[in-house]
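Heads up, the thing below is written out as structure tokens.
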Amino acid sequence: MMPCLTSDIVFRAFSLYFKYKKYLSKQLTPNFILFNLQLDGATYHATVNTSCGGVGRNIAEGIWKIFGNVNLITAVGDDQNGDYIKRLLPNHCGASILTAGDHPTASCSVLLDNRGDCKLVVGDMSVHSAITAEWINSHDKLIRETPLVIMDANISVEAMRATFELCLQYDKPVFFEPTDMRFAAKPFAASDSAFKVIRFVTPNLYELREMARHLGYQEPLANTLVENFSELDDLLREVRSLGTFVVNHVDNVIVTLGNYGVAVVRRSCEHTPFFDSRGAYQRRTGDTPQVRFYPGRKLDYIVNVSGAGDSFSSGFISAMLEGQMEPVCVEVGFEAACCALGSKGAVADLYFDRSHACWDKEKGARFITVEKTEPFVLE
């Protein structure tokens with residue numbers, strides 16, 4: 001069975017982005033990069049790398065390399081970039097990738113500092129408008145046969161509604177990647193069907209706040225940046241409060257927290273697989289939300305961070321579809337993210353096979369159970 005992504009791949013918003021990544025030279029000091037860089041038309045020395053990107057497309061390529069196969073529903077322009085994108089995916093994906101003659105392939109320029117952190121993105125995403133409800137409905141067989149539909153927030157409201165209706169018809173779970181805090185609540189505003197089919201969301205803290213706000217969270221919402229939390233306790237308390245609220249509407253909330261790691265909120269224990277051995281989604285088993293925090297790995301060398309979250313999702317989904325328990329899914333996700341962090345492109349050229357230690361069922365990533373009142377200690 002193949003997972004299906006929409007927008008950048010078959011399930012993940014049906015959008016493919018062609019990224020021109022500009023890495024600021026280490027000749028520039030971090031302070032200059034972070035505080036004194038002026039958008040005044042001046043020319044700055046940089047290292048330029050071109051690669052394919054886009055949330056949905058990245059996840060699709062990652063799943064293909066880790067899990068073994070994938071489908072992608074998206075649109076590209078009739079140009080070199082569109083051809084390049086098609087070449088990086090299995091041949092059968094070509095049938096569900098629309099070539100639009102009136103729009104260029106979606107593209108963006110990403111400005112990274114000398115630590116690999118993204119500082120600015122500009123782009124042309126007009127080709128997303130070619131991903132219509134009719135285009136999605138024409139590929140209903142892909143959705144009928146897939147174990148999981150992965151969607152990002154780049155497609156139109158109409159395309160989202162069409163996807164939800166097909167998933168509802170065929171009883172398929174949706175894995176939603178918010179993409180941007182401005183779009184985090186988009187599917188829930190688009191259709192009531194979203195609440196019936198979205199089983200997974202992978203927000204960062206800012207997207208989680210926006211989701212909670214839209215869904216009716218009554219407490220005041222903070223605006224502290226992740227890197228500005230002085231205590232891990234404070235960060236995890238907020239994640240727990242928001243996550244246990246959002247999980248009333250979505251079965252599984254996987255919160256990415258940058259260097260800190262990942263928090264998983266669900267109404268099942270860590271030993272309960274997300275999918276059974278037949279590839280069928282396992283609905284939640286308990287009434288009380290459980291929150292587990294998985295500390296991130298410390299890396300000495302990072303090339304760029306632009307695709308790390310997408311690779312984490314690719315690894316997590318790949319393990320999930322094989323019936324692995326939660327800690328193993330997170331460990332495979334972490335390993336995939338590490339591969340991406342060491343790559344110039346958003347997706348690593350090479351990941352790992354099933355013999356890698358991250359697939360060990362007896363291990364898995366270590367975690368801390370996040371209770372409401374207890375302090376959190378990392379050993």
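One-based numbering along the sequence shown. The figures that follow rest on heavy atoms only: side chains count, while hydrogens, waters and symmetry mates do not.
Both the sub-6.0 Å distance and the 45° axial angle are satisfied by Arg144 relative to the ring of Tyr170.
Within the structure, every pair that satisfies the side-chain hydrogen bond (donor to acceptor under 3.5 Å, both in side chains) test and touches residues 214-225, not counting sequence neighbours, is listed here: Tyr217-Ser241. Every pair tested for salt bridge (charged side-chain N to carboxylate O under 4.0 Å, His left out) that includes a residue from residues 67-79 fails, sequence neighbours excluded, so the list is empty. Sorted by first and then second residue, the ring-ring contact (aromatic ring centres under 6.0 Å, His included) pairs with a member in residues 221-242 form an empty list; sequence neighbours excluded.
Salt bridge Glu165/Arg161: absent, no basic N to carboxylate O contact under 4.0 Å. For the pair Arg237 and Glu371, the salt-bridge criterion is not met [side-chain N within less than 4.0 Å of a carboxylate O].
Residues satisfying the side chain to side chain donor-acceptor pair (under 3.5 Å) criterion with Lys172, sequence neighbours excluded, are absent altogether. Listed by chain and residue number, Glu322 satisfy the salt bridge (Lys or Arg N to Asp or Glu O under 4.0 Å) test with Arg354 (two or more places apart in sequence, or in another chain). With sequence neighbours excluded, the residues that form a salt bridge (Lys or Arg N to Asp or Glu O under 4.0 Å) with Arg199 are Asp251. Qualifying side-chain contact (heavy atoms from CB on, under 4.5 Å) partners for Thr132, counting only residues two or more places apart in sequence or in other chains: Glu134, Trp135. For Lys363, the side-chain contact (heavy atoms from CB on, under 4.5 Å) criterion is met by Asp360, not counting sequence neighbours. In this view, Asp180 and Arg182 satisfy the salt bridge (Lys or Arg N to Asp or Glu O under 4.0 Å) rule, not counting sequence neighbours. Considering only residues two or more places apart in sequence or on other chains, Thr244 meets the side-chain contact (heavy atoms from CB on, under 4.5 Å) condition with Arg240, Val265, Pro289, Val291. Here Asp276 pairs with Arg278 under the salt bridge (Lys or Arg N to Asp or Glu O under 4.0 Å) rule; sequence neighbours left out. Under the side-chain contact (heavy atoms from CB on, under 4.5 Å) criterion, Leu350 pairs with no residue at all, not counting sequence neighbours.
Ring centroid separation for the pair Phe312 and Phe334 comes in under the 6.0 Å cut-off.
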Tell me, with the steps shown, if Arg267 and Asn248 meet side chain to side chain donor-acceptor pair (under 3.5 Å).
CA-CA 9 Å; Arg267 296 180 188 274; Asn248 290 320; 2.4 Å; yes
